[in-house]
Structure formats: C-alpha cells, structure tokens
2 protein chains.
Amino acid sequence: MRRFITSIIVAAAAVVAIAGTSQEEIAARLTRSASNHTIYPETNLPALTPAPAGYEAFYIDHYGRHGSRWLTRQSSYQRPVDVLMKGHNDGLLTEQGERLLVTLRQILAASMNRAGELSDKGAEQHQRIAERMYNNFPSVFTDGAVVDARSTVVIRCILSMQNATMTLRKLNPNLRITTDASYHDMYYLGYGHGEDTLANHISDEIYRHTNEMYEENVHPERFVKQLYTVPDSLPMPVAQRLMRDVFDIAGSLQGHHAFDNIDLFHLFTGDEIFELWRMRNIDWYTRRANSPMNGNRMPFITRALVRDFLDKADAAVASGEHGAALRFGHGTIVLPLACMLELDNVNLSTTDLDNLHNVWKCYDIIPKACNVQLVFYRNAAGDVLVKALFNEHEATLPVATDMAPYYHWKDLRAYYEKKLATEIDWSAHAE
Amino acid sequence: MRRFITSIIVAAAAVVAIAGTSQEEIAARLTRSASNHTIYPETNLPALTPAPAGYEAFYIDHYGRHGSRWLTRQSSYQRPVDVLMKGHNDGLLTEQGERLLVTLRQILAASMNRAGELSDKGAEQHQRIAERMYNNFPSVFTDGAVVDARSTVVIRCILSMQNATMTLRKLNPNLRITTDASYHDMYYLGYGHGEDTLANHISDEIYRHTNEMYEENVHPERFVKQLYTVPDSLPMPVAQRLMRDVFDIAGSLQGHHAFDNIDLFHLFTGDEIFELWRMRNIDWYTRRANSPMNGNRMPFITRALVRDFLDKADAAVASGEHGAALRFGHGTIVLPLACMLELDNVNLSTTDLDNLHNVWKCYDIIPKACNVQLVFYRNAAGDVLVKALFNEHEATLPVATDMAPYYHWKDLRAYYEKKLATEIDWSAHAE
C-alpha cells in the first residue's frame, strides 16, 4: 500500500475533550483504552450555554449509538477459552493462566446467547441521556410535542430506543411518541444498506493494512509468559490473537454491572495497553473517519442521514410544532456523521498516523451511546438558531457565527446543502 | 398418509366465542376468513367478573402475539403482481384484471422493505390491550410494581412490547418496567429454539398433507375467468397460487389504516372465501393444536414457556410484590400454549376434520395480538386464586372450582406440574 500524500488539515475548532495526552488520559482511566467499548463518559458534563435572549429551543435532530453491549461475536469469548483450555489440559498454564481461564469461562457462560445484545449499563446510559435531554431542553418536550423515534433493525438499537422513549414518557406522559425499527429506514440509519455499500471495498482494503499493523506491532511474549510455564507454547499468531482477545474482553467488562469487580487490565503493562489502543485508534480513523487513506470519502456514507436531518429540521421549522427526531443506530455511523457535520475537530484530515493519538482520540468520539444532538431555537420573529451537542458537549460547527455555540441555521443549512452535493468517486481504490 | 383413529375428546368447557356457525360468522364479517391475519377482536369485549370478596389482583402472567403486521414474505406481494404483469404484457387481462394489477402494485410499493414488520394498527392493538389490562387490574400496576417485559428477537414483537410498555408507563410513570429481547430467552418465548425443534418433522409431514388438500380443493376457474380474457391462460398450479395469494393479501389489508378503503374480497364468492378459510383452519389445527394427526404432541412445544409461567408465578406469590411478567411473541406459540393450558375448548382433540369448522375456529383463537393473561389474586390470609383471560374473555381452566371463573392456584398449579412431566415421543411420525 503506497504512502498517501495529503496536507494536514487540522480544524481550528475546540478540542473534543479534556486536555492531556492520550497516554496520560488512558493511564488515568484504563477503560478508555477500550476505544469504542468505552462506557459513555457522562460524569462532569459541562454546563450548557443559556439560549440567547428571546430564543427558545423547540426541536432536536438526534442520532445516537446503542449503549454498552456484549461483544458482537460469541467467538470473542469462546476463542481465548479454547486456547487456554488446551494449555490447561496439556499442563502448561501458570497459576495466573489458570486463574485467567476460570475468569474467562465465567464471562463466557454469562455471555451465552447474548452476543451483540444491549447490556444493563447500556440500557441505563440511554435512560440517563434521555433524562438529561429532557431536562436540558424542557421547551422541546412540552405537552403534545411529537417525538418521532426510529431505530435500525438491530436489537440493541431498538432496546436503546425503548429505554430512551420510556424515560421521556415518564418525564412527560403527554408526549406524542411514535417508534419504529424497519428495513425501510436502514438506508439512512444503518450500515450496509445505503451509500456505504459503495465504500465497502475501501474499508476492506484499509482493514488489510491495519491487520498487518497488528501483526507487526503486537508483541505477546511477556503477556504469554505470565500465563504459560513453557515459553513458546503458542505459535505467534495464536499468541497475538490471545493477547488481543483478552484485551478486548478486558475493555468490554466495563459495560456490565456483573463484571464491576473483575479486572483483566492487570495482565497488561501500561505500554501494552497504550499501544493496543493506539492501533485501534488508527484503525477507526483510517477506516471510518475523514482520513486521506480512504480518500476523505468515508464521511459521505452518511449523506442520506444528513439529508434526513435537514429535511426533518425543515419540516419542524415550517410546522411551528415542538418535538424531536430521535434516531438509534451504530458507532460506525456516528463517527462519519460527526465528520460530515464537522463537529469540533472530529473531521481532522491527517497523514501523520504516528502522531494521530495526540490529536484524535476515539474514546472521546465513539464511546458506547455516543450521540449527536442538533438543537433548534427560534425567537418571536421566527429567526432560527442551532446549537450542536456532541456526546453532550457543545460543539463547534463549520460556519462563522457571532454567537457561539449558537449558529444561524440558514448559514449552516446552506453549508451542508453544498457539501451534500459533493460528487464522490466511490470506485477509486484506497490510498 | 393413513387415516388416524382417535376418540373425539371435546372439552365440556364454554365455547370460545359468540354462537353461530363459522359460515354465518364469516359471512357477517369477511375479515374473519383471514385466519391468523384477522385483526384483534376487541369490540364488545365482555365485562369481567368481580373478584371474590376479600381477594385482590396482584400479578399477571402474560404471553401475547405481536399485533397486525405486513405479510412475512415480500414474495407474497410480488408474486401475484408478476403473474398479472405478464398477463398485462400479453394483453390477456380483463378490465377487472387490470384494476386488480393496479391495486396490487400499489400495495406492493407500500410493502417494500416492510415484510413481516408491525403495522400501524398492530401498534395500536398493543396500546389498547395494555390500557385495558391496566384498567382491568389497577391493583397489579401500583406504584413501584415490577413489570418484567420480554420479547422474542423478532422486531414486530419487540415493537409490540414497546407499545405495550409505553402505554403502561403513561398510565403509571412509577412502574418499575424492564424490557429485554434476547436469544437468551428464545427457548421458551420463541419458535425454533426449544422443544419445538424436535417437532419440526411432524409439522413438515402435516404440511405436505395440507398442501395436497389445497391442490385438490382450490378451484380457481371462476376466479381466473374474471381476470383473464382467455380461459386457461394460466396453468392450474399458477392459477391456484394466484387465487390463494390474492386471498392472502385480501385478508391482510385489514391490518393497515392505509388500506381501509381497499377491498379485494369482492373478487371471491362467499363459498370460495369460506372454503379457503376452512382449509387454513384445518392447517392450523392439525399442525399446531392438539390434533391426533400430530399425535396430540404439539401443545408440548410450549413446555418451557409454561414452566416459566409457573416459576414466575411462584416467585410473585412468594415475594408479596405486585407486578406482571409480559411476554411478546408469536401465534405459533399462543396456539399450543392455549392448548397446553387447556383454555376453554381450544385443546379440542378430534379426527373429524370435515366438521372442524363447526367446533374450532382459528379466527377466534389466533387473531393478531391474541394473548393469554393468567391473573393472580390473594386475600389477607394469603390464599391465591387465578383467573384466565384468553383474548380478554374469561376462560375455563382444566380443574374443578367452586367459584368460576376463579380457580384455586394450588389445584391448577398441581395439574400443570403433572402435565409438564408428561413424556413425549417426538421421534414418532405424524399420523
């Protein structure tokens, strides 16, 4: 794969999250190393800027990822158990290895028939997000307000919708809430049914590259040595896979109350944890974000979704009604959507992958239940402003404004309309 | 297939629905001919018998089918359009045939990407059932009452749950409602994951028989003649399939507000409608109910579900709490469940299929949103009674009682426990 040459375009926007290097941030909270498995960061959320005088929120355009879930493949739990069980049967495990096997078998048993499903914490994340949305914007959720909730056909998303709408219903029983989850809406809500299908080959090409990166950079010798009495018990690919599998499970445990007292990060050094995260960060960036490696095309897989945002906002502005369009889906959509909308610096374009971890951190961008809220305000004269929340932080938007974090809807709308018209050559290969 | 010899066992229980022959009932309301596509019959529901003095309802054990839906296969809408389109292109359609093609294409367009999904009326059915459940048994749904709602993993069931629980939440925001839809629960909630898998061969064998019945008894000549200018335009199997497909669509239209003004029954004579229903009635009875043809075994595919009913009832009785276990699934489960529980005369066993339509009518048993509610009552002394509602009609149960429609839980529980222990030889062929 040839090296890509593209100028680095770093948005001047505010940094998404708290200051600090990713090394420091991960050391301070190891769960961040889980990348997209990081639980929704909802403590210490910043206060929101009051609406400008005379303006009141009336509509929210939303897309949210499902909450914490079980790993999507049963094999992710099964495979490391199988490997260690063989070591156990051959008498090759250390005491630490035996303890790990016991723990992994316990997790495997709990995971049976749960692959990919929403967890208890995932349900709670959506209850709390909905509660804060209601409390932040009570003027949106007035009696009779229309809440049009839609989900992809994937169960964890439907149950996320269920938890969100049940919470809104409790807070105001007089909302007019409708819910749906249909293949009919998948072309804009989901993955694999719309423009993204044209981009599959790009994702596949980059995957081959990031997979090579893992093969070159995962060094499992120390990790395996603590588990096996005989060095070189495992062929390199098996050892690498075991280390990665245990790391994935370690990161996923934070999504379940039942595993609150289980820690598997202690099997890894700080450097190993950071390096495993750094590679995943590059993988997410190059495959799903505004990376030159994908030809800066991936954000455009959400074109139909942004179209839906604009159309529903237009209808809300025109109708004069109050309400919200809530959409429940996946991180593979939230990431390119945040790029497409140019929230904060998520849309960063850089070829310098060695420095990526200093400027773009996936744990802030696509944790579980990550979400975009475009909040619409109007005044008595009918002027419309919009504010963006990304994971409930006020985000910068790609047009000028004299009243940040509020933007003039007419300017933003025009900017997005122009961007939506961009022609994309999906047939070209990845860089 | 040899003729089965089994004594006719007609339960002495009350007849499920209003008196009248099925011919009369279908003529009075053609939508009943749609069998399991019949909308939930919720007008003129009978008043419920007040609780005996000193007893109060505290718990409901429930299983409900999803509400009205789109036909499960896109091909059900597509196939008749393809056949008629060919007739159109060949210039063979009558004016009536052309009109039917226009109508079917309109329905096909509306159905795109909706196969199997819950309809608008289906959602409303579950809202109303939940509202009546709440109003019928307010002492169950007190502040803090636990509502444990579970669905199969099929979206129309999840959205049925969503509509039911959202309604309960509105009626009492202080219910403690949890929802789930997981493969973890499919062995008792769903089809194809539990004991029923042992019965697949039986269902398949009977299907071959009922299919032959259709081949012998569907006479499409008159039906086709009104659509095609040239008699014998269609080979017999195609003509039969067309007649059955149009009949299925005719029956399904009642599930959608958008089709309230479309009628396709006018293409059939009363006798044809009755005969097409009668065969479907035999099909449902022999494949899924307590028919000697399946060895009176099919009810037992719900053994794990009845086990769950008993276990959760035991827990509710023991805990002293208020609440409900709500389960959302399929008609293929409600029917054998109603047989297993021996509600009214649903569990009828008869070899006289020529007379079946006079004693067992599927439109009363498994319409859309059909449901079973076992309602538990207790008095200050801790004595527990139970009442069964089947499609919201008080139903008889298979033990003696001195206070019908209330039964002593201890007697009923013992009866079901004994029945659950029945050994079934799933390997034997169908009769």
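Each chain gets a letter, A, B and so on, in the order its sequence line appears, and its residues count up from 1. Please read these numbers as outputs of a predicted model, since none were measured by experiment.
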Quiz item: Given a strict heavy-atom distance threshold of 4.5 Å, which part of M112(B) is in contact with chain A: side chain, backbone, both, or neither?
Solution: backbone
Quiz prompt | OG1 on T165(B) to CZ on R169(A), rounded to 0.5 Å | solution = 9.5 Å
Quiz item: CG/L159(A) to CE/M161(B) distance, rounded to the nearest 0.5 angstrom?
Solution: 5.5 Å
Quiz item: Quick one: CG on N174(A) to NZ on K170(B), what's the gap to the nearest 0.5 Å?
Solution: 5.5 Å
Quiz item: Is it the backbone or the side chain of E117(B) that comes under 4.5 Å from a heavy atom of chain A, or both, or neither?
Solution: side chain
Exercise. For atom CZ of R105(B), decide whether the heavy atoms of other residues, nucleotides or ligands shown that lie under 6.0 angstrom number more than 12.
Key: no
Quiz item: Does anything in residues 176-186 of chain A get under 4.5 Å of chain B by heavy atoms, and if so which residues?
Solution: I177(A), T179(A), D180(A), A181(A), S182(A), Y183(A), H184(A)
Self-check item: Test side-chain contact (heavy atoms from CB on, under 4.5 Å) applied to A110(B) - qualifying residues, sequence neighbours left out
Solution: W70(B), F259(B)
Self-check item: Neighbour count >12 (heavy atoms, 6.0 Å) for atom CG, N261(B)
Solution: no
Quiz item: Just wondering, more than 12 heavy atoms not from R73(A) lying within 6.0 Å of its CZ?
Solution: no
